[in-house]
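The structure that follows is given in the form of structure tokens.
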Amino acid sequence: MSDPTIGSPARSPEVRAPSGGPHRTRAEHDTGLSPEPAATPLRFGYGTNGLADLRLDDALALLADLGYEGVGLTLDHMHLDPLAPDLTTRTRRLAHRLDALGLDVTVETGARYVLDPRRKHGPSLLDPDPDDRARRVDLLIRAVRVAADLGAHAVHCFSGITPPGTNPETAWHRLADTLAPVLDAAATAGTPLAIEPEPGHLLATLADFHRLRRVLGDPEHLGLTLDIGHCQCLEPLSPADCVRAAAPWLRHVQIEDMRRDIHEHLPFGDGEIDFSPVLAALAATGYQGLTVVELPRHSHAGPHFAELSLPFLRRAEATATRSPALVPPHGDPSATPEGSTS
């Protein structure tokens with residue numbers, strides 16, 4: 001692993017670029033050659049699920065003091081409980097605090113037990129019980145409203161694990177049906193919903209995201225959360241190539257180190273990812289959102305890892321190569337196999 005700190009005549013017609021990104025000529029698109037990538041400075045945040053032992057206000061102050069530009073806010077009982085009374089009032093106070101600290105925000109919905117104290121991440125969008133599925137839908141719609149009130153750039157979600165005994169086709173129908181009202185809410189709020197491919201879930205890979213996108217008719221407000229570690233864990237493409245392939249749909253990015261075939265979120269330097277080309281690829285897409293450090297299992301030492309992570313990422317960004325490279329055309333999902341690996 002390469003570690004930036006430790007050892008390591010008429011104008012051609014244009015094609016649509018990623019949101020906020022540079023346009024590419026038709027010739028460039030066809031060859032995959034970007035002769036002068038227009039890099040966008042990256043904005044790093046840290047996830048509150050990695051600071052679960054801190055009060056939310058203390059966590060935000062810490063991140064602002066360390067130089068982060070944003071926060072991945074997981075709605076949970078200790079950090080803006082989405083089910084407690086006066087959510088609108090509490091959200092308004094938080095919006096003022098974020099503004100005072102100069103922090104941008106993404107709303108994340110990966111709390112382990114916020115809906116059910118006995119089932120991790122339960123109930124899901126795939127639950128056999130329609131009432132239980134409705135509880136997850138309600139949480140996501142609440143998250144969309146919170147995100148709109150906070151001015152968040154996206155709401156993160158995931159599919160959930162296919163329940164035992166459930167036919168995969170049934171699970172895909174449930175996912176599309178349950179997401180429909182959430183996408184309606186997102187469209188009304190003007191806030192993208194960014195679904196995350198999660199190892200072991202029904203929607204586990206970039207190919208699965210494209211399957212869902214097509215089933216739903218490519219709705220404008222359905223975007224993608226790309227977790228860089230998950231790319232290393234199970235995607236056939238390298239993490240940098242995953243970024244390029246996913247570029248038009250990127251609405252949120254999570255980042256941590258990871259090893260191949262092992263779904264374990266690791267501090268930077270403890271896994272196998274070479275981050276400089278990943279960050280170079282991300283900057284070249286024109287991505288405007290936050291890139292959020294995702295270390296939920298290191299919450300016991302959250303302030304320590306928050307302090308270490310930002311300098312690591314800035315050094316990796318500074319050493320990232322900006323030279324021209326032949327890459328797959330942006331948004332070409334053909335490099336990933338159809339269907340799920342889960």
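Throughout, numbering of the chain's residues begins at 1 and tracks the sequence.
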Determine whether Leu224 and Pro197 make a side-chain contact, defined as any pair of heavy atoms from C-beta on separated by less than 4.5 Å.
yes
Arg211/Glu169 under salt bridge (charged side-chain N to carboxylate O under 4.0 Å, His left out): CA gap, chis, key distance, verdict:
CA-CA 12 Å; Arg211 174 175 178 169; Glu169 288 303 316; 2.8 Å; yes
Trace of the side chain to side chain contact (heavy atoms under 4.5 Å, CB included) decision for Gln232 with Arg259
CA-CA 6 Å; Gln232 175 68 23; Arg259 302 185 182 99; 5.9 Å; no
Evaluate side chain to side chain contact (heavy atoms under 4.5 Å, CB included) for Ile228 paired with Val253, printing each intermediate quantity in order.
CA-CA 7 Å; Ile228 301 303; Val253 175; 4.1 Å; yes
Check Arg251, Glu196, His252 against His156 for a side-chain hydrogen bond (donor to acceptor under 3.5 Å, both in side chains) and give me the one that passes.
Glu196
Where Asp274 and Val278 come nearest, the two heavy atoms and their spacing
O-CG2, 3.5 Å
Salt bridge check: are Asp127 and Arg133 linked by an N-O gap of less than 4.0 Å?
no
Quick check against the 3.5 Å criterion: does Arg112 have a side-chain atom that pairs as donor or acceptor with the backbone of Lys120?
no
What distance do Ser159 atom OG and Ile195 atom CD1 have between them, rounded to the nearest 0.5 Å?
6.0 Å
Here the pair of heavy atoms bringing Leu266 nearest to Gly271 is CD1-CA, 3.9 Å
Hey, does Val293 have a side-chain heavy atom less than 4.5 Å from the side chain of Glu256?
no
Heavy-atom distance under 4.5 Å between the side chains of Ser309 and Tyr68, does that happen here?
yes
Which value, rounded to the nearest 0.5 Å, describes the distance between Phe305 atom CZ and Arg297 atom CZ?
14.0 Å
Can you tell me how far CG of Leu125 sits from CG of Leu202, rounded to the nearest 0.5 angstrom?
10.0 Å
How about CZ on Arg260, more than 12 heavy atoms from neighbouring residues, nucleotides or ligands closer than 6.0 Å, or not?
yes
Can a salt bridge be assigned to the pair Asp132 and Arg135 using a cut-off of 4.0 Å between side-chain N and carboxylate O?
yes
Flag yes if Phe312 and Ile273 sit in one hydrophobic cluster, no otherwise; membership is Ile, Leu, Val, Met, Phe, Trp, Tyr, and two members link when side-chain heavy atoms are under 4.5 Å apart.
yes
Residues Val155 and Ala147: closest non-hydrogen pair is CG2-CB, 3.3 Å
Applying side chain to side chain contact (heavy atoms under 4.5 Å, CB included), run through Ile255 and Phe268 and close with a yes or a no.
CA-CA 9 Å; Ile255 193 166; Phe268 300 114; 4.0 Å; yes
So does Arg145 have more than 12 non-hydrogen atoms from other groups sitting under 6.0 Å from CZ?
no
Give, for atom CG of Leu250 and atom SG of Cys242, the distance between the pair rounded to the nearest 0.5 Å.
10.5 Å
Check each of Leu310, Leu103, Leu290, Leu295 against Tyr46 using the side-chain contact (heavy atoms from CB on, under 4.5 Å) test, and report the only one that passes.
Leu295
Would you tell me whether Arg93 and His96 have side-chain atoms, one donor and one acceptor, within less than 3.5 Å of each other?
no
When you check the gap from the basic side-chain N to the acidic O, do Arg244 and Asp241 get nearer than 4.0 Å?
yes
If Ile, Leu, Val, Met, Phe, Trp and Tyr residues are connected whenever their side-chain heavy atoms lie under 4.5 Å apart, and connections chain through other members, are Leu139 and Val107 in the same group?
no
Taking all heavy atoms of Ala154 and all of Ala194, pick out the closest pair and write down the distance.
CB-CB, 4.4 Å
Treat each ILVMFWY residue as a node, draw an edge where side-chain heavy atoms are under 4.5 Å apart, and state whether Leu87 and Leu115 are in one component.
no
Would you say that Asp81 contacts Arg90 through its side chain, given a criterion of any heavy-atom pair below 4.5 Å between the two side chains?
yes
If you define the side chain from C-beta out and look only at heavy atoms, does anything of Leu126 sit under 4.5 Å from Ile161?
no
Thr285 side chain to Leu282 backbone, donor-acceptor under 3.5 Å:
yes
To the nearest 0.5 angstrom, please state how far the OG1 atom of Thr89 sits from the CG atom of Leu94.
12.5 Å
Got a second to check how far Leu234's CG is from Ile262's CD1, nearest 0.5 Å?
12.0 Å
Closest approach of His201 to Gly160 (non-hydrogen atoms, all atoms of both residues):
ND1-N, 3.1 Å
Is there side-chain contact between Arg142 and Leu75, with at least one heavy-atom pair below 4.5 Å?
no
Flag the pair Leu226 / Leu206 as yes when at least one side-chain heavy-atom distance between them is below 4.5 Å, and no otherwise.
yes
Could you go through the side chain to side chain contact (heavy atoms under 4.5 Å, CB included) check for Arg136 and Thr178 one step at a time?
CA-CA 9 Å; Arg136 177 61 62 172; Thr178 52; over 6 Å; no
I'd like to know if the side chain of Asp257 and the backbone of Gly229 have a donor-acceptor N/O pair within less than 3.5 Å.
no
Table please: side-chain donor-acceptor pairs of residues 48-64 below 3.5 Å, with sequence neighbours left out.
from	atom 1	to	atom 2	distance (Å)
Thr48	OG1	Gly72	O	3.4
Thr48	OG1	Thr74	N	2.9
Asn49	ND2	Glu294	OE2	3.1
Asp57	OD1	Arg97	NE	2.6

State, with a plain yes or no, whether a side-chain heavy atom of His230 is found less than 4.5 Å away from one of His263.
yes
Answer with yes or no whether the hydrophobic clustering places Leu101 together with Leu73; edges join I, L, V, M, F, W, Y residues whose side-chain heavy atoms lie under 4.5 Å apart.
yes
Indicate whether the side chain of Thr205 and that of Asp208 have a donor and an acceptor atom separated by less than 3.5 Å.
yes
Run the ring-centre check on His77 versus His79 and record whether the distance is less than 6.0 Å.
no
If you compare all heavy atoms of Leu80 against all heavy atoms of Val146, which two are closest, and at what distance to 0.1 Å?
CD2-CG1, 3.8 Å
Answer with yes or no whether the hydrophobic clustering places Leu98 together with Met78; edges join I, L, V, M, F, W, Y residues whose side-chain heavy atoms lie under 4.5 Å apart.
no
